[in-house]
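Since the structure comes first, as structure tokens, the remarks are kept for the end.
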Amino acid sequence: MRVYIVDDYEQMSVKAALIVAGQITMKADSILGLCTGSTPIGMYKELVKLHQQGLDFSHVITFNLDEYWGLSPDNVQSYHYFMHENFFKHVNVKPENIHIPNGLAENVDDECIRYEEAIKQANGLDLQVLGIGRNGHIGFNEPSTVFIAETHLVELDADTINDNARFFPSREEVPTRAITMGIKTIMQAKKILLLANGEGKAHAIKEAVTGEINPGVPASILQLHPDCTFIIDKAAAKYL
Ligand code: GLP
């Protein structure tokens, strides 16, 4: 695991975008795993700037980590909407190459199997970008007693619902369930890039980087990944 500590959010975003751009430069048809949340917004902005300078996404295939269960793609709080607003509508990823779990699928088990299969059919993820929850979650893999393997439906922790309530008109409107790639799906990515900023993430980062590998801190399993890079700002590195 490589840990880069940078001064601030802007440096984190620029460095992350350069790594993603490097991946696309190396392999034009890269399979990118993408994440949502406030953390990667700066990285997406930088990628849009790089696209305006010539970075080509036309062969790139994307798979998002997760989606709220019960939200339609045009709901402004859905991760579909987030991705289109913050990234896809500004770059040239082909619509047919964009994959995000369907939060309204008729049968959730079938949707999880379909999503996992689509990633396998694409030969797996070349680079997965992650944020981290304050409780150490990645994607929506919440602290647990076991590492849940593949794409699945998850009940969100009260902490996660509280944290994400800032994006919703009220806490009551935050969905309580989500579809997420599992830990195995994430760990099978060839490269992983985790971003974190702010003191609120400092404890989770300490546990993920220096703590015991245990499903109580889902991100701790990243210590076992052969090509994992953390880019964190000074505040998130406070306890390292
Ligand atoms: C959500 C997402 C995660 C993300 C986390 C942190 O729970 N499912 O993928 O990493 O929020 O979000 P933020 O970047 O807003 O702190």
Side-chain angles (χ1 to χ4, degrees), residues 1-67 79-101 118-119 121-132 138-139 181 185-198 201 205 208-209 219 222 225-237:
M1 178 186 277
R2 279 178 296 269
V3 180
Y4 293 122
I5 300 171
V6 296
D7 284 344
D8 53 24
Y9 182 78
E10 199 197 333
Q11 282 191 13
M12 178 195 79
S13 303
V14 169
K15 203 170 179 63
L18 288 174
I19 290 175
V20 175
Q23 170 66 39
I24 297 168
T25 304
M26 183 173 76
K27 182 172 180 273
D29 58 350
S30 286
I31 317 295
L32 299 184
L34 298 178
C35 64
T36 52
S38 38
T39 309
I41 290 177
M43 175 192 76
Y44 290 130
K45 284 200 175 118
E46 293 298 325
L47 283 171
V48 170
K49 283 190 209 159
L50 292 172
H51 171 63
Q52 287 159 356
Q53 292 162 23
L55 182 64
D56 180 20
F57 289 88
S58 66
H59 300 289
V60 167
I61 297 179
T62 68
F63 285 91
N64 262 80
L65 269 175
D66 46 16
E67 177 58 288
Y79 286 166
H80 273 80
Y81 191 88
F82 174 99
M83 288 306 299
H84 281 89
E85 285 303 303
N86 288 294
F87 187 49
F88 293 138
K89 79 175 188 190
H90 307 288
V91 296
N92 65 336
V93 182
K94 290 188 180 139
E96 63 270 30
N97 288 343
I98 295 171
H99 303 83
I100 305 177
I119 296 172
Q121 288 294 321
N123 277 327
L125 304 162
D126 289 312
L127 172 65
Q128 174 66 56
V129 186
L130 298 173
I132 186 168
I138 46 177
M181 284 185 197
T185 328
I186 295 169
M187 287 298 279
Q188 286 187 343
K190 294 180 187 79
K191 297 191 184 74
I192 294 179
L193 182 59
L194 184 144
L195 311 180
N197 69 289
K201 301 290 174 69
I205 288 294
V209 175
L222 298 172
H225 195 279
D227 192 348
C228 179
T229 303
F230 278 36
I231 306 178
I232 59 179
D233 75 351
K234 280 184 181 156

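Note that the numbering runs from 1 along the sequence shown for the chain. In what follows, every heavy atom counts, from backbone to side chain, and hydrogens, waters and symmetry copies are set aside. Fair warning: this is a prediction, and the values are worked out from it, not measured in the lab.
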(message) So, taking the atom named CZ in Phe230 and the one named CE in Met1, what distance separates them when rounded to the nearest 0.5 Å?
(response) 3.5 Å

(message) Can you give me the closest heavy-atom contact between His225 and Asp227, atom names plus distance?
(response) ND1-N, 2.9 Å

(message) As an exercise, state the distance from OG1 of Thr25 to CG of Asp56, rounded to the nearest 0.5 Å.
(response) 10.0 Å

(request) Decide yes or no on side chain to side chain contact (heavy atoms under 4.5 Å, CB included) for Ile5 and Lys234, but give the supporting numbers first. (result) CA-CA 6 Å; Ile5 300 171; Lys234 280 184 181 156; 4.2 Å; yes

(request) Please round to the nearest 0.5 Å and tell me the distance separating atom OG1 of Thr39 and atom CG of Asp233. (result) 9.5 Å

(request) Find the distance between OG1 (Thr36) and OH (Tyr44) and round it off to the nearest 0.5 Å. (result) 7.0 Å

(request) Apply ring-ring contact (aromatic ring centres under 6.0 Å, His included) to His90 and list each qualifying residue two or more places apart in sequence or on a separate chain. (result) none

(message) What I'd like to find out is whether the side chain of Asp29 reaches to under 4.5 Å of the side chain of Ile61, using heavy atoms alone.
(response) no

(message) Checking Ile232 against Val209 for the side chain to side chain contact (heavy atoms under 4.5 Å, CB included) test, could you report, in this order, the C-alpha distance in whole Å, the side-chain angles of both residues, the deciding distance, and whether it holds?
(response) CA-CA 11 Å; Ile232 59 179; Val209 175; 5.8 Å; no

(request) Could you tell me which non-hydrogen atom of Cys35 sits nearest to which non-hydrogen atom of Leu65, and how far apart they are? (result) CB-CD1, 3.6 Å

(message) Please report the interatomic distance CZ(Phe87) to CG(Leu47), rounded to the nearest 0.5 Å.
(response) 5.0 Å

For residues 189-198, run the donor-acceptor check on the side chains, cut-off 3.5 Å, and write out each pair with its distance to 0.1 Å, sequence neighbours left out.
from: Lys190; atom 1: NZ; to: Asn123; atom 2: O; distance (Å): 3.4
from: Lys190; atom 1: NZ; to: Asp126; atom 2: OD1; distance (Å): 3.4
from: Lys191; atom 1: NZ; to: Gln23; atom 2: OE1; distance (Å): 3.1

(request) Work out which heavy atom in Ile132 is nearest to a heavy atom in Ala219; give both atom names and the distance. (result) CD1-CB, 3.7 Å

(request) For the pair Asn97 (side chain) and Val93 (backbone), establish whether a donor and an acceptor sit closer than 3.5 Å, ignoring hydrogens and angles. (result) no

(message) Less than 4.5 Å apart, side chain to side chain, heavy atoms only: is that true for Met83 and Ile98?
(response) no

(message) With rounding to the nearest 0.5 angstrom, report the OH to CD distance, Tyr79 to Glu67.
(response) 8.0 Å

(message) Consider side chain to side chain contact (heavy atoms under 4.5 Å, CB included). Of Ile100, Leu125, Ile31, Leu34, which one does Thr62 pass it with?
(response) Leu34

(message) Is any side-chain heavy atom of Lys45 closer than 4.5 Å to one of Lys49?
(response) no

Under 3.5 Å, side-chain donor or acceptor atoms of residues 10-21 against the rest of the protein: list the pairs with distances, not counting sequence neighbours.
from: Gln11; atom 1: OE1; to: Asp7; atom 2: N; distance (Å): 3.1
from: Gln11; atom 1: NE2; to: Asp7; atom 2: OD2; distance (Å): 3.3
from: Ser13; atom 1: OG; to: Tyr9; atom 2: O; distance (Å): 2.8

(request) Determine the interplanar angle of the His99 and Phe63 rings, folded into 0 to 90°, and report it as parallel if under 30°, tilted if 30 to 60°, perpendicular if over 60°. (result) parallel

(message) Parallel, tilted or perpendicular, judged at 30° and 60°: which one describes the rings of His80 and His84?
(response) parallel

